[in-house]
Amino acid sequence: MKDTWEDLAATVARQDEEFERVRRALEALGDTQLQVPQAFLEELEELTSPRAASPTPFVHGLRA
Amino acid sequence: MSIPPNSFNNSVAAAFHGRSDAVQTEFNLMSMPLTPDLLIAFCRQKLEGLDKQVTQAMIGQKTRGDTSKALANLQQALNLKSSGIDDKDAVASKAAKEDIVAAYDAAIAQVGGVNTALGQKLALELEKFNKAANGEGGEDRTGKVSEKEIASLSEGINTMQSALNRDGEMQMLELQSLVSQRQQALQLCTNLISTMNQSAMSVVQNVGK
């Protein structure tokens with residue numbers, strides 16, 4: 001089913017709540033020194049880096 | 001590259017304040033221990049870039065929705081006069097023409113005025129209507145607006161609406177992709193916390209033995 005604009009706004013709101021839970025869980029660790037894996041940082045960097053729009057229009061590979 | 005350990009926190013903190021030169025060196029240092037505060041700030045900074053894109057895409061979608069609504073209102077105003085506007089009753093004819101002009105004006109204002117591409121197209125359509133309504137062109141010179149002329153104007157709005165819908169679908173796909181990207185990033189953070197909690201629990205259990 002296609003998402004509507006409102007569906008996506010609700011998803012973003014849920015994601016914000018999820019981040020808040022993560023933040024609280026991290027805060028609960030106090031001043032503990034965390035050994036964060038390099039792979040996590042690299043993956044997060046990759047996931048959050050802006051993706052350029054494709055210069056060519058999308059062509060669907062399936063035909064009816 | 002070797003960087004003194006005491007420069008680590010300063011470098012990360014500088015990166016969180018938007019210094020891109022520090023961001024470059026930050027990653028070489030990240031295998032070192034991090035405090036939860038710094039990790040939160042790091043995650044938040046990384047998500048901010050995505051958030052800006054999501055917000056921009058959402059504003060675009062909302063604007064497109066408002067424009068679509070304005071075009072639909074204009075279409076409705078034209079549809080109400082789909083059989084044309086005659087000149088039998090001068091007062092009724094004048095009122096009908098004014099309603100349509102007002103609908104065009106509202107649509108032009110909604111799309112951002114005549115300086116926008118869509119605003120210019122609408123202004124040209126309005127000009128066509130005014131010519132017909134003032135008897136300056138079309139099939140007759142009496143000021144009647146024929147059924148055919150209304151249908152042609154309505155078709156013009158339909159074309160604009162279709163183009164807008166196509167753009168909207170592309171924007172929506174982009175927005176869906178961004179939200180999904182954001183979900184993956186959050187999932188990654190959640191998984192990390194879960195792993196850390198499990199590690200902490202196993203340490204506690206081992207200490208207890």
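All values reported here derive from a predicted model rather than from experimental measurement. Letters A, B, ... are given to chains in the order of the sequence lines, protein chains preceding strands, and every chain is numbered from 1.
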Could you give me the CA-CA distance, side-chain angles and deciding distance for A:Leu44 and B:Cys43, then say whether side-chain contact (heavy atoms from CB on, under 4.5 Å) is met?
CA-CA 8 Å; A:Leu44 187 63; B:Cys43 292; 4.1 Å; yes

What option among A:Glu18, A:Gln15, A:Arg14 has the most heavy-atom pairs under 4.5 Å with chain B?
A:Gln15

Please classify the contact between A:Ala9 and chain B as side chain, backbone, both or neither, with a heavy-atom cut-off of under 4.5 Å.
both

Between B:Asp37 and A:Arg23, does any NZ, NE, NH1 or NH2 come within less than 4.0 Å of an OD or OE carboxylate oxygen?
no

Quick one: does any side-chain atom of B:Gln181 pair with a main-chain N or O of A:Ser49 as donor and acceptor, under 3.5 Å?
yes

Could you check if a side-chain atom of B:Val179 sits within less than 4.5 angstrom of a side-chain atom of A:Val12, using non-hydrogen atoms only?
yes

List the steps and the verdict of side-chain contact (heavy atoms from CB on, under 4.5 Å) for B:Arg182 and A:Asp16.
CA-CA 10 Å; B:Arg182 197 173 186 260; A:Asp16 287 343; 2.6 Å; yes

Distance, nearest 0.5 Å, that separates NZ of B:Lys46 from CD of A:Glu46
12.0 Å

Measuring from A:Thr48:OG1 to B:Glu48:CD, what's the distance to the nearest 0.5 Å?
11.0 Å

What verdict does the side-chain contact (heavy atoms from CB on, under 4.5 Å) test give for A:Glu27 and B:Ile40, after you've listed the backbone C-alpha separation in whole Å, the side-chain angles of each residue and the deciding distance to 0.1 Å?
CA-CA 8 Å; A:Glu27 261 183 5; B:Ile40 293 166; 3.9 Å; yes

Select, from B:Cys189, B:Gly168, B:Pro36, B:Gly65, the one with the greatest count of heavy-atom pairs under 4.5 Å involving chain A.
B:Pro36

Under the side-chain contact (heavy atoms from CB on, under 4.5 Å) criterion, do A:Val36 and B:Phe42 qualify, and how do the steps go?
CA-CA 12 Å; A:Val36 181; B:Phe42 179 77; over 6 Å; no

The reported gap from CG in A:Asp7 to CG in B:Leu175 (rounded to nearest 0.5 angstrom) is 11.0 Å

So for atom CD, which belongs to B:Gln120, do other residues, nucleotides or ligands contribute more than 12 heavy atoms lying within a distance under 6.0 Å?
yes

Is any side-chain heavy atom of A:Phe19 closer than 4.5 Å to a side-chain heavy atom of B:Thr190?
no

Engaged part of B:Leu186 at the chain A interface, taking heavy atoms whose separation is under 4.5 Å
both

Measure the spacing between CG of B:Leu39 and CZ of A:Phe40 and express it to the nearest 0.5 Å.
5.5 Å

